Enquirer: 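Dropping a structure here in structure tokens format, bear with me for questions.
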Amino acid sequence: MSNSRDNTRPVKSFSATDGIRARPTMYLPEFGQRYAVNSLVQECLCISLDNALKGCATEIRIKIRGDGSIAIWDNGPPLPLIGSDGLPAIQSLLTIMYACRDAKRAVNKDLCRVGVVVVNALSEWLKVDCGIDARHWRQEYQRGAPTGPFAEIGDTTETWEQISFLPDRSLLGETQVDIPAFQQWFTDQQFAISNCRITLDDDVTGERLLLS
């Protein structure tokens, strides 16, 4: 009796990054739509909002740069440079599907969807900067893959973290952040945030919005 199934073909598997880039609509429902970049900003903002909602951050800055990149900064405590798996905790969030802190899920289960791994995978480049123990550390990614470990690049007098990224135009096209739509989304969430100043700066127009 012959078996018609071809068992000689290997099973093809994808990394989280490759899987997201191969089928972006599965992970970003707004892919190809006007608000696609807004969704990436919202996912990335989760980390800073988590600090604010727990009372660990008193300021969050969102900046839309002239080259189309977006930076999100807060003065809360950065994620550990060494996590339980031996990798920087932020690297796990950026490269592993559904790697989302339990505290964040408890604060707002609807805010963090798949997570910043989608932002990383759908970006031309992404940089993580943080200030820990008076040292400025940075790790860089290209289309979802780390280009190297965290490196010390200077001194700092504050504790802070920042994620900056450039949406991949080869996948998303020349889309930009829709600021009115983002502002409406933020208002609709009704975040219970106190004692945290949240601003959005648009380098293109010079406009500054106070969100909270």
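In this text, all values refer to a predicted model and were calculated from it rather than measured experimentally.
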Enquirer: What's the separation between atom CD in E43 and atom CD1 in I163, rounded to the nearest 0.5 Å?
Expert: 11.5 Å

Enquirer: What are the two closest non-hydrogen atoms of Q142 and E124, and how far apart are they?
Expert: OE1-O, 3.2 Å

Enquirer: Evaluate the side-chain contact (heavy atoms from CB on, under 4.5 Å) criterion for residues W185 and N38: first the C-alpha distance (whole Å), next the side-chain angles of each, then the deciding distance (0.1 Å), finally the verdict.
Expert: CA-CA 9 Å; W185 168 84; N38 283 38; over 6 Å; no

Enquirer: Hey, can you tell me if W160 and W73 have their rings parallel, tilted or perpendicular (30° and 60° cut-offs)?
Expert: parallel

Enquirer: Do I70 and L166 share a hydrophobic cluster, counting only Ile, Leu, Val, Met, Phe, Trp and Tyr and linking them when any side-chain heavy atoms are less than 4.5 Å apart?
Expert: no

Enquirer: State, with a plain yes or no, whether a side-chain heavy atom of V128 is found less than 4.5 Å away from one of R138.
Expert: no

Enquirer: Would you find more than 12 non-hydrogen atoms of other residues, nucleotides or ligands less than 6.0 Å from D188 atom CG?
Expert: yes

Enquirer: Does one hydrophobic cluster hold both L171 and M26, with members joined at side-chain heavy-atom distances below 4.5 Å?
Expert: yes

Enquirer: For Q162, is the CD atom crowded, meaning more than 12 foreign heavy atoms sit under 6.0 Å from it?
Expert: yes

Enquirer: For V37 and Q176, run side-chain contact (heavy atoms from CB on, under 4.5 Å): C-alpha distance rounded to whole Å, both residues' side-chain angles, the deciding distance at 0.1 Å, then the answer.
Expert: CA-CA 6 Å; V37 175; Q176 298 179 341; over 6 Å; no

Enquirer: Calculate, to the nearest 0.5 Å, the distance between atoms OH and CH2 belonging to Y141 and W125 respectively.
Expert: 14.0 Å

Enquirer: Can R143 and D168 be counted as an ion pair, charged N to O under 4.0 angstrom?
Expert: yes

Enquirer: Applying the side-chain contact (heavy atoms from CB on, under 4.5 Å) criterion to I62, which one of D74, L211, L209, V177 satisfies it?
Expert: L211

Enquirer: Got a donor-acceptor contact below 3.5 angstrom from the S212 side chain to the I198 backbone?
Expert: no

Enquirer: Search all heavy atoms of A36 against all heavy atoms of L172 and return the closest pair with its distance.
Expert: CB-CD2, 4.4 Å

Enquirer: Which heavy atom of V119 sits nearest a heavy atom of C44, and at what distance?
Expert: CG2-N, 4.1 Å

Enquirer: Kindly indicate, with the supporting measurements, whether the criterion side-chain contact (heavy atoms from CB on, under 4.5 Å) is fulfilled by R197 and L210.
Expert: CA-CA 8 Å; R197 175 183 171 88; L210 180 63; 3.8 Å; yes

Enquirer: Which atoms form the tightest heavy-atom contact between T156 and G131, and what is the distance?
Expert: CG2-CA, 3.8 Å

Enquirer: Find out whether W137 and P78 are in side-chain contact, i.e. whether some heavy atom of one side chain is under 4.5 Å from a heavy atom of the other.
Expert: no

Enquirer: CG/L126 to CD/Q139 distance, rounded to the nearest 0.5 angstrom?
Expert: 9.5 Å

Enquirer: Does the side chain of L122 reach to within under 4.5 Å of the side chain of P167, using non-hydrogen atoms?
Expert: no

Enquirer: Evaluate L93 against I90 for side-chain contact (heavy atoms from CB on, under 4.5 Å), listing each step before the verdict.
Expert: CA-CA 5 Å; L93 288 178; I90 188 64; 4.2 Å; yes

Enquirer: Is D203 reaching over with its side chain to a backbone N or O of G66, donor-acceptor style, under 3.5 angstrom?
Expert: no

Enquirer: Do C46 and V116 make a side-chain contact, defined as non-hydrogen atoms from C-beta onward lying under 4.5 Å apart?
Expert: no

Enquirer: Taking all non-hydrogen atoms of both residues into account, name the closest pair between P77 and N51 and its distance.
Expert: O-ND2, 3.5 Å

Enquirer: In Å, rounded to the nearest 0.5 Å, how long is the span from CG of L45 to CG of D50?
Expert: 10.5 Å

Enquirer: What's the separation between atom OG in S48 and atom CG in L53, rounded to the nearest 0.5 Å?
Expert: 10.5 Å

Enquirer: With a 4.5 Å limit on heavy-atom distance, are the side chains of L28 and L40 in contact?
Expert: yes

Enquirer: Does a sphere of radius 6.0 Å around CG in N195 hold more than 12 heavy atoms from other residues, nucleotides or ligands, not counting ones at 6.0 Å or beyond?
Expert: no

Enquirer: Say you draw a straight line from CD of Q91 to CG of L79; how long is it, rounded to the nearest 0.5 Å?
Expert: 12.0 Å

Enquirer: Might you point out which heavy atoms bring T95 and G144 nearest each other, and give the distance in Å?
Expert: CG2-O, 4.0 Å

